[in-house]
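All remarks here apply to the structure that follows.
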Amino acid sequence: MFTGIIEAVGEVESVQTEGGNRTFTIRTLFRDSDPVRVDQSISHDGVCLTVTDVLFQEDREVVYRVTAVEETLSKTHLSTWTEGSLVNVERCMKLGDRLDGHLVQGHVDAVGFLRQIEVREGSWYLEFSFPGSFASLLVGRGSICVNGVSLTVADLGEDWFAVTIIPFTWEHTQFKTLVEGAPVNLEFDIIGKYLLRKASLEWSSQNA
């Protein structure tokens, strides 16, 4: 489980294809020196992946490997990663930590696309498209996870939503590298999913 508060921006150092899977070697500099361990879960652009190898670790700098299976590659934008790609990274939350963002599972629901970037005084306004079938899971001023970042929906349409990025988030994530048309991983609020599921089951029961 994650919070959507990015710890660091990692860089993909190499990509290896093994059948339908891809193994990524990632170098990053975390905010603290808590050790990264094999079998640990880390969010990469919002995708929960398991550390399979730790190749280097000194103070806050770590080089490690993760593998994305074919299903993950087909449902996220990880298949577009190449050597040099920048990745938003967050280690799993600890029990008892403050929940500064919102509850994020690291299970991507859909891939959206950046429609436009508008530079405003002191912020950036980003508009993303998304599959309309997920429209019921978005509400104005609600939470949305974009490339692993917990954000608030500022504006909303039938198949698009917009968020406002503050300077700190802009500088400490890879949002500043995105261009119009870029794919992003989207995870919708899990609370909304449960509420929608409950309402669907109740409606089915009443109309059986």
Side-chain angles (χ1 to χ4, degrees), residues 1-6 9 22 43-49 68-82 85-90 101-170 172-204 207:
M1 192 71 75
F2 306 93
T3 68
I5 303 300
I6 301 304
V9 175
R22 289 189 186 177
S43 171
H44 301 79
D45 275 2
V47 182
C48 178
L49 298 173
V69 299
E70 187 174 8
E71 182 180 2
T72 300
L73 295 170
S74 69
K75 293 182 177 179
T76 69
H77 71 58
L78 270 61
S79 60
T80 68
W81 284 1
T82 59
S85 292
L86 299 181
V87 182
N88 291 327
V89 178
E90 179 192 358
H102 72 281
L103 292 175
V104 175
Q105 292 182 289
H107 302 160
V108 171
D109 294 301
V111 174
F113 294 89
L114 178 59
R115 300 208 317 184
Q116 66 169 331
I117 302 177
E118 181 182 325
V119 181
R120 296 185 172 179
E121 188 173 351
S123 66
W124 290 260
Y125 180 89
L126 276 63
E127 189 176 294
F128 298 96
S129 64
F130 69 94
S133 58
F134 292 96
S136 57
L137 292 172
L138 280 175
V139 295
R141 305 299 181 269
S143 297
I144 179 68
C145 185
V146 181
N147 274 1
V149 184
S150 174
L151 297 168
T152 300
V153 177
D155 291 306
L156 181 61
E158 291 184 0
D159 62 355
W160 64 271
F161 68 90
V163 296
T164 298
I165 307 297
I166 64 173
F168 183 88
T169 303
W170 186 261
H172 291 85
T173 67
Q174 42 81 295
F175 279 151
K176 60 181 176 290
T177 70
L178 296 181
V179 296
E180 292 183 4
V184 293
N185 292 322
L186 302 177
E187 180 184 333
F188 300 96
D189 190 1
I190 189 173
I191 296 174
K193 295 176 190 176
Y194 281 123
L195 290 174
L196 185 63
R197 173 67 172 164
K198 182 175 185 295
S200 175
L201 290 174
E202 290 177 348
W203 185 89
S204 296
N207 291 272

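Index from 1, following the sequence.
The minimum heavy-atom distance between Asp109 and Lys193, with the atom names listed, is OD2-NZ, 2.9 Å. Taking each heavy atom of Phe134 and Ala110 in turn, the nearest pair found is CE1-CB, 3.7 Å.
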Tell me which donor-acceptor pairs under 3.5 Å the side chains of residues 156-167 have, and how far apart each pair is, sequence neighbours excluded?
none

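Side-chain atoms of Thr177 come within 3.5 Å of backbone N or O of Gln174 as a donor-acceptor pair. Side-chain N or O atoms of Glu187 include one that pairs as donor or acceptor with a backbone N or O of His107 at under 3.5 Å.
Pairs of residues two or more places apart, or lying in two chains, that qualify as side-chain hydrogen bond (donor to acceptor under 3.5 Å, both in side chains) and include a residue from residues 125-144 are Arg115-Glu127, Gln116-Glu127, Tyr125-Asp155.
For Tyr194, there are no ring pair (Phe, Tyr, Trp, His ring centres under 6.0 Å) partners, not counting sequence neighbours. With sequence neighbours left out, the side-chain contact (heavy atoms from CB on, under 4.5 Å) criterion links His77 to Asp45, Thr80, Trp81, Asn147, Pro183, Asn185. For Trp124, the ring pair (Phe, Tyr, Trp, His ring centres under 6.0 Å) partners are Trp170, not counting sequence neighbours. Residues satisfying the salt bridge (charged side-chain N to carboxylate O under 4.0 Å, His left out) criterion with Asp189, sequence neighbours excluded, are absent altogether.
In this structure, Leu103 and Gln105 have side chains that are not in contact, with every pair of non-hydrogen atoms separated by 4.5 Å or more. Side-chain contact between Val9 and Asn88 is present, with heavy atoms from C-beta onward closer than 4.5 Å.
If you take CD1 on Ile191 and CG on Leu196, they are separated by 13.5 Å, rounding to the nearest 0.5 Å.
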